[in-house]
Amino acid sequence: MLYLASQSPRRRELLEQIGVHFGTIQLDLPEVRAPGEPPADYVSRVAREKAGAGLLKLSGVRDAVVLGGDTEVVLDDEVFGKPADHEHAIAMLRKLAGRTHEAISAVWLVSAGREEHALSRTRVTFAALEEVAIAAYVASGEPMGRAGAYAIQGRAAAFVSRIDGSYSGVMGLPLFETSALLRRFGISAG
């Protein structure tokens, strides 16, 4: 059986969207980038750690397969995690405004005898943003708890002038790559 090692409601929604049956595992792992660690390596490592920790929690469950995922927004080698507060969200959005950044999403599937992963890199271009638009968006509360302080599937969709890559990857789980991994593990969607 498949288990999702994530507290993200978006990852649950995305798996449900493709018809995958799964259980969930609640984890609270620190997400700290090592000095000099390349952003893609960091995202992949965090996703792998989530999957591995989830598998440890299920040590007595036969045939468990655990999915761990992580998504981060990267601009000029700076990883934009989740904003600590409203001021932090405003600062992130100011930096992203009028620029193209990368949303990197990693997914790992881990079982007792096997593990595989995939990485999705999506280029997202934001239009120039006025201060009033940034302030109103942050006041909505939507940026909180979201990498890069925005939700592409929400109000921030109005900020995105171009996307090159996986829309679902920016949301938190690249469905094309995830579906391919699931098939390789014998887990069908639909």
Pairwise distance CG(Leu4) to CZ(Phe22) - rounded to 0.5 angstrom: 5.5 Å
Using a 4.5 Å cut-off on heavy atoms from C-beta on, say whether the side chain of Tyr137 contacts that of Pro143. yes
For a side chain to side chain donor-acceptor pair (under 3.5 Å) check, start with the C-alpha distance between Ser6 and Arg11, then their side-chain angles and the critical distance, and finish with the verdict. CA-CA 7 Å; Ser6 176; Arg11 287 194 185 101; 3.3 Å; yes
How long is the straight-line distance from CG of Leu2 back to OG of Ser111, given to the nearest 0.5 Å? 11.0 Å
Quiz: residues 148-162 side-chain donor-acceptor pairs under 3.5 angstrom, not counting sequence neighbours:
residue	atom	partner	partner atom	Å
Tyr150	OH	His101	NE2	2.7
Ser161	OG	Thr125	O	3.4

Side chains of Leu14 and Met171: does their closest heavy-atom pair fall under 4.5 Å? yes
Do any pairs count as a salt bridge (Lys or Arg N to Asp or Glu O under 4.0 Å) and have a residue in residues 96-120, sequence neighbours left out, and if so which ones? Arg48-Glu115, Asp76-Arg99, Glu102-Arg121, Arg114-Glu116, Glu116-Arg184
Can you give the donor-acceptor pairs under 3.5 Å from side chains of residues 51-71 to other protein atoms, not counting sequence neighbours?
residue	atom	partner	partner atom	Å
Lys57	NZ	Gln26	O	2.7
Thr71	OG1	Ser105	OG	2.7
Thr71	OG1	Gly172	O	3.4

Among Ile, Leu, Val, Met, Phe, Trp and Tyr joined by side-chain contacts under 4.5 Å, find the other residues sharing a cluster with Met144 and list them by chain and number. none
When you compare the side chain of Leu173 with that of Arg10, does any pair of heavy atoms fall below 4.5 Å? no
For the atom pair OG1 (Thr178) and CD1 (Ile187), what is the distance rounded to the nearest 0.5 Å? 11.5 Å
Cationic N near anionic O, under 4.0 Å, Glu16 to Arg12: no
Side-chain polar contacts of residues 79-93 - donor-acceptor pairs under 3.5 angstrom, sequence neighbours left out - could you list them?
residue	atom	partner	partner atom	Å
Asp85	OD1	Glu87	N	3.2
Asp85	OD1	His88	N	2.8
His88	ND1	Ala84	N	2.9

In Å, rounded to the nearest 0.5 Å, how long is the span from CG of Leu129 to CG of Leu96? 8.5 Å
Output every pair passing salt bridge (Lys or Arg N to Asp or Glu O under 4.0 Å) with a member in residues 166-178, not counting sequence neighbours, ordered by first then second residue. none
Lys50 and Val46: side chain to side chain contact (heavy atoms under 4.5 Å, CB included), yes or no, with the steps? CA-CA 6 Å; Lys50 290 176 183 177; Val46 169; 3.7 Å; yes
